[in-house]
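Lettering follows sequence order; numbering is per chain, from 1.
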Amino acid sequence: MTAPTNTTPSPYSPGDSDSGTTLHPPVIAWFDSHARDLPWRRPEAGPWGVMVSEFMLQQTPVNRVLPVYEQWLRRWPRPADLAQEPPGEAVRAWGRLGYPRRALRLHGAAVAITERHGGDVPEDHAQLLALPGIGEYTAAAVASFAYGQRHAVLDTNVRRVLARAVTGTQFPPNATTAAERKLARALLPDDERTASRWAAASMELGALVCTAKNETCHRCPIATQCAWRLAGKPPHDGPARRGQTYAGTDRQVRGKLLAVLRESVAPVPQSVLDRVWDEPVQRARALDGLVADGLVEPLPNGLYRLPLT
DNA sequence: AAGTCGTGGCT
DNA sequence: TAGCCAAGACT
């Protein structure tokens, strides 16, 4: 390709708004032959299955989600089925997926869907965004994956793929920037069907090939046009992501407390909860936090249980 | 807008 | 081993 000599920009200059036209076909073709057969991608999953999977997959690996997802949808095949349960049952069924407030929010979303949307997961992005536990990413993901709409689906995988393939950096910024949103929108294929396939395909590429560590460029369908690779894979120079320490934190104590409560249908005496952690101040703070979050319901006589309301 | 919020596998 | 990392949301 020769450089343009007139005012017409090259259709394929790297990083411009047209670079998507060279990215979409190979990535989508790769997806068609390499996509994992995940239950929420099957037609029978429906919008509710897609939505449940998106909640569970927030910060949690696919392999850990799979069994809980299957059990969840068998028990609550529609939003209304979950909505009529106490929120504590959602927390219990959440098991050890982590971040149990997601279970509470998913229950709250099911209630809202039942009350406001006749029991059907809404198609409208703004209505999805208004549901508890649904942010910009999840609203776009449900609208795109469940309803085939055209949205920029900007999760950590897509952000990394775009950072490398287009921007030429090893990792995206810590927090999603306006520039990233603009780029993702500019790269969005024009028609709905292609856009939704691109969303799923670029995400899968980040999950399977263009991974955070040990990326496998020899399996990448766009390796030959990847800006980061063409630049010699310069290492990340920005601020390192803040490490998540866990041992000894309130989060660990909360996890231990909730694990006890999940195992017991009957209310649990405080004396039993006291055994999960030695340090009384931190222990009390963690329990108070769980109550404040609505994950634990305090009863008279120093008893605690998962919330019935 | 920087902190908080679980859990477990992997290197 | 001790971090690092995994389809974020919320405040």
Side-chain angles (χ1 to χ4, degrees), chain A residues 31 35-36 38-41 45 49-69 91 94-106 108-109 128-146 151-161 170-178 180 184 196 199-208 210-215 236 239-262 276 282 285-286 288-290 292-296:
Chain A
F31 183 67
R36 292 168 290 180
L38 300 171
W40 44 86
R41 285 179 178 162
V50 171
M51 181 173 147
V52 169
S53 78
E54 291 302 335
F55 270 76
M56 293 182 173
L57 288 165
Q58 291 169 2
Q59 303 286 284
T60 303
V62 165
N63 288 332
R64 201 175 309 160
V65 165
L66 283 169
V68 183
Y69 171 87
V91 174
W94 197 254
R96 306 189 68 79
L97 285 182
Y99 293 144
R101 291 189 291 192
R102 292 181 293 166
L104 227 42
R105 291 168 183 158
L106 180 52
L128 287 166
L129 197 55
L131 296 172
I134 296 194
E136 185 178 335
Y137 160 75
T138 303
V142 172
S144 180
F145 301 155
H151 292 283
V153 180
L154 207 50
D155 81 320
T156 185
N157 290 306
V158 175
R159 294 180 62 215
R160 188 172 54 248
V161 168
Q170 186 178 20
F171 297 117
N174 283 333
T176 306
T177 63
E180 287 182 274
S196 62
S202 55
M203 189 175 311
E204 188 79 336
L205 186 63
L208 298 183
C210 193
T211 48
K213 358 173 74 169
N214 306 123
E215 70 279 358
H236 187 62
R241 196 154 66 155
R242 217 171 43 81
Q244 340 167 305
T245 55
Y246 181 65
T249 62
D250 287 6
R251 295 160 77 177
Q252 184 183 22
V253 184
R254 287 167 58 108
K256 287 178 175 294
L257 290 170
L258 210 55
V260 172
L261 292 166
R262 274 198 311 263
V276 309
Q282 186 178 27
R285 184 172 66 233
D288 286 349
L290 288 170
D293 288 345
L295 285 163
V296 172

Task: Atom-pair distance (CZ on A:R96; C1' on B:dT7), nearest Å - done: 7 Å
- [ ] Round to a whole Å and report the spacing from CZ of A:R251 to P of B:dG3.
- [x] 13 Å
Task: A:N63 CG - B:dG8 P separation (whole Å) - done: 14 Å
- [ ] In whole angstrom, give the distance that lies between atom CZ of A:R285 and atom C1' of B:dC5.
- [x] 14 Å
- [ ] Hey, could you give me the OH/CD distance between A:Y99 and A:Q59, rounded to the nearest 0.5 Å?
- [x] 5.5 Å
Task: 5′-ward residue of the pair A:G95/A:N214 relative to DNA chain B - done: A:G95
TODO: Describe the nucleic acid contact of A:R262 in one word from base, sugar-phosphate, nothing, applying a heavy-atom distance below 4.0 Å.
DONE: sugar-phosphate
Open item on the list: Treating A:S53 as the side-chain partner and A:V50 as the backbone partner, does any N or O pair qualify as donor plus acceptor under 3.5 Å?
Closed with: yes
- [ ] Please tell me if the side chains of A:F31 and A:L205 come closer than 4.5 Å, counting only heavy atoms from C-beta onward.
- [x] no
Task: Nearest-Å distance once atom P is located in both B:dT11 and C:dA7 - done: 16 Å
- [ ] Measure across A:R160 and A:T211 and return the closest heavy-atom pair with its distance rounded to 0.1 Å.
- [x] NE-C, 3.4 Å
TODO: Return the value, rounded to whole Å, for the distance between atom CG of A:L66 and atom C1' of B:dG8.
DONE: 15 Å
- [ ] With A:W94 as reference, evaluate A:L106, A:L258, A:V68, A:L104 under the side-chain contact (heavy atoms from CB on, under 4.5 Å) test and give the passing residue.
- [x] A:L106
Task: Euclidean distance for P, B:dG8 against C:dA9 (whole angstrom) - done: 23 Å
Task: Length of the CG-C1' vector between A:L257 and B:dG6, whole Å - done: 13 Å
TODO: Please state how far atom NZ in A:K256 lies from atom C1' in B:dG8, giving the value in whole angstrom units.
DONE: 13 Å
TODO: In whole angstrom, give the distance that lies between atom CD of A:Q252 and atom P of B:dT7.
DONE: 9 Å
- [ ] Rounded to whole angstrom, note down the P distance from C:dC4 over to B:dG3.
- [x] 16 Å
TODO: Sugar-phosphate atoms are those with a prime plus P, OP1 and OP2; base atoms are the rest. Using that split, label each nucleotide of nucleotides 5-11 of chain C B, S or - for protein heavy atoms under 4.0 Å, 5' to 3'.
DONE: BBBBSS-
Task: Side-chain touch A:R36/A:V62, heavy atoms, less than 4.5 angstrom - done: yes
Open item on the list: Less than 4.5 Å apart, side chain to side chain, heavy atoms only: is that true for A:F145 and A:M203?
Closed with: yes
